[in-house]
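The figures here come from the full heavy-atom set of this structure, side chains too, leaving out hydrogens, waters and symmetry mates. Fair warning: this is a prediction, and the values are worked out from it, not measured in the lab.
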Amino acid sequence: VLMAADILLYNATHVPVGDDQTQHLELARDIAVTFNKRLKKANGRRPVFTVPEGVFDPTVSRVMSLTDPRRKMSKTAPADASRINLTDPTDLVASKIKRALTDSIPGISYDPNERPGLPNLADPTAAPTGRSTGDVVARCPGDHRGMALKAQLTDPTD
C-alpha cells in the first residue's frame, strides 16, 4: 500500500517495475481509476490521480543487493551499503557501487549463477544505454574484480 501511495502522491506517469513489484503498480492503478471515477461521478471534477504505466525491462527485472548479489536489494536491509537510496547524493551512490561485492575470480564473465556480482553491475549498466550486456562486458577486457564495470555504471558517458 505504501508503494502505491508513493506512486500516486508524486503523480508518476511511468514507473519502472521489476518482476516482484507488479502488484504494487496494479494496486496504484486500481486506486487511481476507482478514486477518479467516484470523484467525477460525485461532482464532475477532472481526475485527481494519474493512472501510471509500468516500464518493464527484462534485463533488470530484479535489482540485487550490492553487498550480497544473491539477495534482493531492500530498503529494510540492515547495511546501508547494500542499497541505493533515492535520497543518496551522486557521490555516495558512486561510492556504494565501487564497493559492491563482485568476486575474487580473475577476469570478467557474465554468469549469473556462478558470478552473481558481475551481472548485478552489468545488467543495470546496459539497460539505460540500449547496449547489450555482452557489449558492456566486452568493454572490460582483463578487468579484475569488476573495477572497469563499476566505472561504466557510475559514469555511463563512457
Side-chain angles (χ1 to χ4, degrees), residues 1-32 49-140 143-158:
V1 173
L2 291 176
M3 186 178 288
D6 285 342
I7 292 168
L8 296 173
L9 175 68
Y10 293 104
N11 283 322
T13 57
H14 294 81
V15 179
V17 181
D19 63 359
D20 60 336
Q21 301 295 313
T22 55
Q23 72 274 15
H24 301 291
L25 176 64
E26 290 307 314
L27 178 60
R29 291 176 53 79
D30 290 346
I31 292 169
F49 293 121
T50 302
V51 180
E53 296 294 326
V55 177
F56 302 91
D57 187 335
T59 60
V60 285
S61 62
R62 191 169 285 203
V63 180
M64 306 307 280
S65 167
L66 296 174
T67 56
D68 182 357
R70 295 193 188 277
R71 303 189 80 165
K72 188 175 89 165
M73 188 180 285
S74 172
K75 64 182 176 187
T76 59
D80 187 60
S82 70
R83 64 184 170 272
I84 297 172
N85 301 300
L86 289 175
T87 57
D88 284 349
T90 306
D91 58 331
L92 180 57
V93 171
S95 174
K96 287 179 178 183
I97 291 169
K98 287 175 184 171
R99 291 190 324 255
L101 181 69
T102 53
D103 58 43
S104 59
I105 301 169
I108 186 169
S109 62
Y110 188 88
D111 185 346
N113 294 322
E114 295 299 317
R115 302 183 78 181
L118 295 172
N120 197 33
L121 300 171
D123 291 341
T125 300
T129 63
R131 298 185 343 233
S132 70
T133 303
D135 179 47
V136 168
V137 171
R139 289 178 178 227
C140 305
D143 190 10
H144 182 66
R145 302 178 70 92
M147 296 310 290
L149 188 55
K150 293 173 183 181
Q152 280 189 71
L153 184 55
T154 57
D155 185 15
T157 58
D158 247 356

Leu118 side, atom CG; Thr133 side, atom OG1 - distance, nearest 0.5 Å: 12.0 Å
According to side-chain contact (heavy atoms from CB on, under 4.5 Å), who are the partners of Thr67, at least two apart in sequence or on a separate chain? Ser65, Ala81, Ser82
Run the side-chain contact (heavy atoms from CB on, under 4.5 Å) test against Ala127 and tell me which residues pass, sequence neighbours left out. Asp57, Thr59, Val60
Val137 and Ala122: which non-hydrogen atoms are nearest, and at how many Å? CG2-CB, 4.1 Å
With sequence neighbours left out, which residue pairs that include part of residues 110-130 fulfil the salt bridge (Lys or Arg N to Asp or Glu O under 4.0 Å) condition? Asp103-Arg115
Test side chain to side chain donor-acceptor pair (under 3.5 Å) applied to Ser132 - qualifying residues, sequence neighbours left out: none
For residues 4-12, please give each side-chain donor-acceptor pair under 3.5 Å, one per line with the distance, not counting sequence neighbours.
none

Kindly state each residue pair satisfying ring-ring contact (aromatic ring centres under 6.0 Å, His included) with at least one member in residues 49-108, sequence neighbours excluded. Phe35-Phe49
State which residues pass side-chain contact (heavy atoms from CB on, under 4.5 Å) with Ser95; sequence neighbours excluded, sorted by chain then number. Arg99
If I compare all heavy atoms of Ile108 with all of Cys140, which pair ends up nearest, and what's the gap? CG2-O, 3.2 Å
Write out all pairs satisfying salt bridge (Lys or Arg N to Asp or Glu O under 4.0 Å) with one or both partners inside residues 73-91, taking only residues at least two apart or from two chains. Asp80-Arg83, Asp80-Lys96, Asp88-Lys96
Salt bridge (charged side-chain N to carboxylate O under 4.0 Å, His left out) partners for Asp30, two or more places apart: none
Kindly write out the residues that satisfy side-chain contact (heavy atoms from CB on, under 4.5 Å) with Glu53, not counting sequence neighbours, or none if the list is empty. His14, Arg29
Residues, nucleotides or ligands: over 12 heavy atoms within 6.0 Å of Arg71 CZ: no
Sorted by chain and residue number, the salt bridge (charged side-chain N to carboxylate O under 4.0 Å, His left out) partners of Glu26 (sequence neighbours excluded) come out as none
Quick one: are Val63 and Pro124 in side-chain contact, heavy atoms under 4.5 Å? no
What are the two closest non-hydrogen atoms of Leu121 and Ala100, and how far apart are they? CD2-CB, 4.1 Å
Which residues pass the salt bridge (charged side-chain N to carboxylate O under 4.0 Å, His left out) test with Lys98, sequence neighbours left out? none
Within this structure, what is the CG-CD1 distance for the pair Leu92 and Ile97, rounded to the nearest 0.5 Å? 10.0 Å
